[in-house]
Amino acid sequence: MPVTHTLEGPLSVDVLGRQDPELAEILLGELERQSTTLQLIAAENFTSPAVLAALGSPLANKYAEGYPGARHHGGCEIVDVAERMAVERAKALFGADHANVQSHSGSSAVLAAYAALLRPGDTVLAMGLPHGGHLTHGSPANFSGRWFDFVGYGVDPESGLIDHEQVRSLARTHRPKAIVCGSISYPRHIDYAAFREVADEVGAYLIADAAHPIGLVAGGAAPSPVPYADVVCATTHKVLRGPRGGMLLCASELAERVDRAVFPFTQGGAQMHTIAAKAVAFGEAATPAFTAYAHQVVANARVLAQGLAAEGLAVTTGGTDTHLLTVDPAPLGVDGRTARGRLAAAGMVLDTCALPHPDVRGLRLGTAALTTQGMGEAETARIAVLFATALRDESAGRGVREEVRDLTGRFPPYPAQ
Ligand SMILES: Cc1ncc(COP(=O)(O)O)c(C=O)c1O
């Protein structure tokens with residue numbers, strides 16, 4: 001079809017500033033916040049302008065229940081091409097037989113994985129929440145804890161590593177219908193083969209919730225769960241650097257069950273602008289530049305872990321294999337919550353998290369965003385020093401804030417074109 005329209009003029013973002021300056025000011029204020037503070041939240045990143053363009057495109061207008069070629073709405077012939085493209089790119093990127101790119105979020109992808117494989121009341125073995133499991137891994141405040149019977153495995157309190165003997169013994173005792181591997185804060189590679197072995201022994205499905213490492217998998221910087229898990233669920237917005245959203249990967253035999261679990265079981269119309277943005281992100285993730293990025297993310301996280309350990313913080317597992325690490329700031333005389341406040345005042349944004357030791361709140365940090373900004377090992381080593389300085393002495397926060405402003409000024413997330 002000949003294209004006669006452009007995205008200039010009436011569709012340019014300037015229109016927001018003219019029509020609704022109050023809201024435009026909020027968007028610019030958030031851009032300013034993101035550009036002048038350090039984003040150390042392990043689940044965040046800066047998407048590319050191309051991803052943002054797809055998100056803000058007229059595809060947002062389109063209703064598209066169903067799947068390409070089998071929609072409940074008319075006029076889907078063009079968005080069908082976008083969804084097929086996203087699916088093919090995801091399949092190629094992860095070496096999967098089948099991909100579903102419609103999940104609105106990581107949580108919806110997990111819900112769909114359960115819906116595809118389980119019945120309410122089934123027993124599921126997953127990482128316990130105090131050890132790094134996600135809300136969807138059995139929290140009583142979440143659908144998962146209400147509809148399924150979750151049993152939690154944990155990490156060894158000394159090493160911080162997943163206790164595979166405990167996983168095996170709990171699986172033998174409880175005979176779960178599914179085992180979930182994946183975490184919000186585990187800093188080491190997941191041993192998918194070990195989980196597969198236990199799942200096979202007790203006849204359970206293996207669900208890999210790879211929300212965090214999937215971007216590293218795309219860049220060849222972490223092992224892939226695809227050859228081992230029956231279903232892989234993931235987010236597209238963390239290291240993978242796409243739009244906020246979820247996806248599922250599986251073998252052909254489960255494709256129909258997974259698709260039906262997403263639509264019509266747990267979702268309605270697909271968000272075509274987000275799916276187009278996922279396609280853009282998968283395209284970006286297939287490039288050598290992204291492979292280099294993923295490896296740099298891990299190199300930076302290692303330097304950060306070493307630097308924080310050298311400053312006296314207790315680094316869980318002694319380091320990291322991934323983009324994230326967790327630390328206990330107690331040796332510097334502050335608890336996790338106080339630490340988060342001091343760091344925020346110094347321009348460093350991050351989360352508190354549970355640590356293997358009961359009732360201790362630590363800090364979770366990640367290097368995905370700062371690496372997208374172009375920072376490398378030298379900058380990350382300096383960040384570790386600034387981090388500890390701000391923690392040790394509240395009055396040093398102002399000086400650290402200035403240095404953070406200088407650093408982020410030299411590495412803007414969205415450089416002026
Ligand atoms: C392991 C894991 N699963 C699921 C999710 C849920 O993703 P979302 O916040 O997009 O629902 C997250 C989010 O951080 C996660 O870390």
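Both ligands and their constituent atoms are indexed starting at 1 by order of listing.
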Show your reasoning for whether ring pair (Phe, Tyr, Trp, His ring centres under 6.0 Å) applies to Tyr114 and Phe265.
CA-CA 11 Å; Tyr114 295 168; Phe265 195 77; over 10 Å; no
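Scored by the ring-ring contact (aromatic ring centres under 6.0 Å, His included) test, His174 finds no partners at all (sequence neighbours excluded).
Checked for salt-bridge contact, Arg361 and Asp335 miss the test: no charged N lies under 4.0 Å from a carboxylate O. One finds no salt bridge joining Glu379 and Arg382 here, because no Lys/Arg side-chain nitrogen approaches an Asp/Glu carboxylate oxygen to under 4.0 Å. Between Arg196 and Glu201, none of the side-chain N atoms (NZ, or NE/NH1/NH2) sits under 4.0 Å from a carboxylate O, so this pair counts as no salt bridge.
For the residue pair Arg340 and Thr352, no side-chain donor N or O sits within less than 3.5 Å of a side-chain acceptor on the partner.
At a 4.0 Å heavy-atom cut-off, the residues surrounding ligand 1 are Ser105, Gly106, Ser107, His134, Ser183, Ile184, Asp209, Ala211, His212, Thr235, His237, Lys238, listed by chain and number.
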